[in-house]
Amino acid sequence: MNGTDAEVDRQVKTSGKTARLASSKPAKAHRSVSSRGGGGYKSSLKRCWPLWVMVLPAMLFVAVFNYGPMYGIQLAFRKYDFTKGLTGGDWVGFQYFKQFFASPMFKPLMVNTIRISLWTLVMGFIAPIILALLINQIHSTKVKSFVQTITYMPHFISTVVIVAMINLFLTPSTGLLTRFLAFLHIDNANFMGNPSTFTPIYWISEVWQHMGWNSIIYLAALSSVDVALYEAAKMDGAGRFQLIRYIDIPAIMPTAGVLLILNMGGVLNVGFEKVFLMQNTLNLPASEVISTYTYKIGILQNQFSYSTAIGLFNMLINFVFLVIANQISRRVSHTGIF
């Protein structure tokens, strides 16, 4: 019995030593792999130089056309003088910002810009999601392709043509819609000249134009959903609304969160071209926004420093909205862009 006990103890010790050696080998291998993969920026540049060469043109493009023009921001703090070049002029600090805040145009500009932007942001965010959910429920491939093609087409129409179509439909005397309303005994319907209807016309046409195109990314997210989830839900008696609620919507929520954050970064960037083309003397109280006012002040009236200060203020507000939306998204859904 003593010899047997000694043999058992010897085997136990040998197996324990082997287990310790085996457990230590992966750690050493892990340390060796991590040490080979380190080296920082220089090592990454040496190992992946073909990838850096491929991305170099894009980096140069962003540096030249995005960061280079930011040098002109200093005009917001100088009294610009043509004779002294881009960097010339006396330093005046926040004079032009104070001038803009004290201007009687500050409040109506902010109200108009925020109203148009929020309507466009909210409706332009919801409509593509609804469209993608509806298209995803179409089982016929031919019908789905036809619906997608029809909804994508308006995105490729230029802004000038869109505004021309709006005028064609809403002209008081000869517009198709106004003539139809006149047939229903609704006369004197001047939608383009009424300040209260400018915002609905803008965001409805904007959503109609870009709704189909913006739904592509949601359709891509829905295409990655496992078909087994739909089959299991149908076996449990789920209908189409239950499939959308419990499978489709959760699948696109991370994508929707990221897109909402990106859209919040441009919440005050109302499209200049469309607003400017839709403006007239009658709807000007509701259609004058920061972008059009900056154009009129800077280009038409040659107040470059003042217009630069307004544009910089607009950019800072957009950046603040972007950061706030990202922080809220990270806390609520653990999804963010930085």
Side-chain angles (χ1 to χ4, degrees), residues 55 58-77 94 96-97 100-101 106-130 132 155 159 199 202-203 206-207 209-211 213-218 220-221 249-276 288-295 298 306-338:
V55 79
M59 295 174 63
L60 292 176
F61 180 87
V62 172
V64 173
F65 294 100
N66 291 84
Y67 286 94
M70 291 178 66
Y71 184 74
I73 290 178
Q74 63 171 327
L75 291 181
F77 307 95
F94 293 95
Y96 294 109
F97 293 93
F100 178 58
F101 297 151
F106 176 74
K107 183 177 179 180
L109 284 176
M110 295 300 298
V111 171
N112 294 340
T113 304
I114 293 175
R115 181 178 62 248
I116 296 175
S117 298
L118 289 182
W119 272 103
T120 306
L121 174 65
V122 173
M123 303 308 297
F125 175 74
I126 297 175
I129 296 178
I130 297 176
H155 175 77
T159 304
T199 301
Y202 180 89
W203 70 258
E206 194 75 9
V207 170
Q209 183 179 7
H210 301 293
M211 175 176 59
W213 181 262
N214 293 335
S215 67
I216 293 178
I217 190 169
Y218 297 112
I249 293 180
I252 64 176
M253 278 298 102
T255 303
V258 173
L259 291 179
L260 179 61
I261 295 172
L262 295 176
N263 291 335
M264 286 296 293
V267 66
L268 296 184
N269 288 338
V270 180
F272 165 77
E273 297 88 353
K274 190 173 183 179
V275 174
F276 186 73
E288 190 74 284
V289 294
I290 292 178
S291 58
T292 57
Y293 184 73
T294 303
Y295 165 76
Y306 186 35
S307 62
T308 304
I310 298 174
L312 181 58
F313 168 76
N314 188 24
M315 182 189 69
L316 293 176
I317 295 298
N318 289 331
F319 180 74
V320 170
F321 275 113
L322 175 64
V323 173
I324 294 175
N326 184 75
Q327 293 299 322
I328 294 175
S329 178
R330 288 179 65 87
R331 292 186 178 183
V332 174
S333 61
H334 303 287
T335 303
I337 59 176
F338 58 84

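By convention here, the first residue in the shown sequence is residue 1. Everything numeric here is computed off the predicted structure, so don't read it as measured data.
Residues satisfying the side chain to side chain donor-acceptor pair (under 3.5 Å) criterion with E288, sequence neighbours excluded, are Q279, T292, K296. T308 pairs by the side-chain contact (heavy atoms from CB on, under 4.5 Å) definition with L75, A76, not counting sequence neighbours. Shown here are the side chain to side chain donor-acceptor pair (under 3.5 Å) partners of N318, two or more places apart in sequence or in another chain: N269. Q74 pairs by the side chain to side chain donor-acceptor pair (under 3.5 Å) definition with R78, not counting sequence neighbours. For T199, the side chain to side chain donor-acceptor pair (under 3.5 Å) test picks out R115, with sequence neighbours left out.
Atom CD1 of I126 sits about 9.5 Å away from atom CG of L121, to the nearest 0.5 Å. Interatomic distance, CZ of F125 versus CE of M264, reported as 11.0 Å (0.5 Å rounding). Atoms OG and CD1, from S307 and I290 in turn, are 13.0 Å apart once rounded to the nearest 0.5 Å. The line from NZ of K274 to OG1 of T120 is 8.0 Å long, rounded to the nearest 0.5 Å. Atom-to-atom distance recorded for Y293:OH and F106:CZ is 11.5 Å, nearest 0.5 angstrom.
Minimum heavy-atom separation, Y96 to A309: CB-CB, 3.7 Å. In plain terms, the two heavy atoms of Y218 and I252 that are nearest each other are O-CG2, 3.9 Å. What you find for P128 and G124 is that their closest heavy atoms are CD-O, 2.9 Å. Counting all heavy atoms, side chain and backbone alike, I261 lies closest to A325 at CG1-O, 3.9 Å. Closest heavy-atom contact between V207 and A127: CG1-CB, 3.5 Å. Nearest heavy-atom pair, A251 versus A221, reported as atom, atom and distance to 0.1 Å: O-CB, 4.4 Å.
Contact annotation: the side chain of I310 never approaches that of N314 to less than 4.5 Å [non-hydrogen atoms, C-beta and beyond]. Within the 4.5 Å cutoff, no side-chain heavy atoms of W119 are placed close to those of Y202.
Listed for the T159 side chain is no donor-acceptor partner under 3.5 Å among the backbone atoms of E273.
Atom CZ of F101 has more than 12 neighbouring heavy atoms from other residues, nucleotides or ligands inside a 6.0 Å radius. Around atom CD1 of I114, more than 12 heavy atoms belonging to other residues, nucleotides or ligands sit under 6.0 Å away.
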Give every donor-acceptor pair under 3.5 Å between a side-chain atom in residues 63-72 and any protein atom, sequence neighbours left out.
none

- Carefully, step by step, assess L312 and F97 under the rule side-chain contact (heavy atoms from CB on, under 4.5 Å). CA-CA 9 Å; L312 181 58; F97 293 93; 3.6 Å; yes
